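Input: a single structure, listed below in structure tokens.
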Amino acid sequence: MSRPKAQGWCPTAFHPMMSGDGMLLRVRPQFNRLSLDQALGLCKIAEQFGNGLIDFTSRAAVQIRGLTPASFAKAFSALQSLSLVSQTASHEALSGVLLSPEWQENDLTHRLTKALYDRLDELPELPGKFGFAMDTGRQPVLQSCSADIRLETSKDGRLLLIEDGADFGLSVSQDTAISALISLAHRFSKAVRSSKPNTRMKNLPLPLQNAQDEHAYKRQVSGASLPLGRTALGFHLAPAFGQTTSQDFTNLLIQSDCKFLRLTPWRGLLLERVLDLSISPVFISDEHDPKRRIQVCPGAPACQSAKGNTRGFAAQIAPQLAANPALNSKELHISGCAKGCAKPQKADLTFVAQNRGFDLIVKGHAWDMPIKTGLDPDIILQNLDGF
Ligand code: SF4
């Protein structure tokens, strides 16, 4: 079965999206980093102008939900005063840059990202979901995260410009990398001019770069990421199912005493220089916490397309994953509808909300053919290890 049409664009601070609980806007802090004042300010904005809920996205961004047209204007101006909005809507749209989260001031990742921010005007108009990954640490850690053009380091230390989906990249120097990236973005833009507006790099039938080019090198394949818990740079944690309240987030910030934090594409936050923290159960700091194995979209009432309460159901299922060895390594996906926004890949078990109960898909996508339909949530909970 083919995937139902998903939204082809992402909300920004300039262009909020209407959702089931009002308007939502997305904030993409520069370098994926927030100062304490900015983070506390965001919490206040969510509380004062939204419904107090804050989403952490897989694009290292945060979303404020539940705005009205009148409160959106106030929220936007408060974000501007915190320097959390680009100068123009087009810069904001093009600023979807993921950084390898352990970058250091003035290292290669930081310098390349700064150079790209300085040259956003030179990029063409790109699809709303298009993004860049500056993954130039010794080993790539963002390969499982969504991006269309990547800069990575090869095993022998070369800087490579890579189209998402390709197994090779073209060697570039630190000085030529951003010009080459901009040129590749222009070639992509030309190539998709007559295609569907939401085409991504990985959907192109042929790569734009030539694998036979004398500067083409094999890409380093890496399953690495930044696990939750203590890291060299600070404490990495995540709100359960990607969402928290402004109050819980504020409490965490005050208790941690951090000065800066980074948003990570695993719906997490890295509290810089915080090495120990006793955290409230609403945040997860253990990568093996079963809640990390459940991908869940906002569901009802937050999303207009949702046919059921996904997060509530996920919270009921999580203890079962912990208690049952048969479910030890299973990845679950709970989706409010067949669009499957939270996990566009296959999962071991996918539950898709319907007007009555949930459909079950085994080892498939949310839009694939279910093997059971209309399952009652209680029946699912009683039989989870049998599916
Ligand atoms: S998958 Fe979830 S978030 Fe996406 S449209 Fe459906 S209900 Fe909404």
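In listed order, ligands and their atoms are each counted from 1. Since the structure is predicted, the reported quantities are computational estimates derived from the model, not experimental observations.
In this structure, Phe313 and Leu381 have side chains that are in contact, with non-hydrogen atoms separated by less than 4.5 Å. Side-chain contact check for Phe387 versus Leu332: every heavy-atom pair is 4.5 Å or farther apart. Between Met23 and Pro69 there is a side-chain heavy-atom pair separated by less than 4.5 Å.
Once rounded to the nearest 0.5 Å, the distance linking CH2 of Trp103 with OG1 of Thr136 reads 11.5 Å. Atom OG of Ser95 and atom CZ of Arg28 lie 5.0 Å apart (nearest 0.5 Å).
With a 6.0 Å cutoff to the six-membered ring centre and a 45° limit on the axis angle, Arg311 does not count as a cation-pi contact of Phe241.
Close contacts of ligand 1 with Pro298, meaning ligand atoms under 4.0 Å from a residue heavy atom, involve 3 (S).
Taking 2.8 Å as the limit, the number of protein N, O or S atoms around atom 6 (Fe) of ligand 1 is 1.
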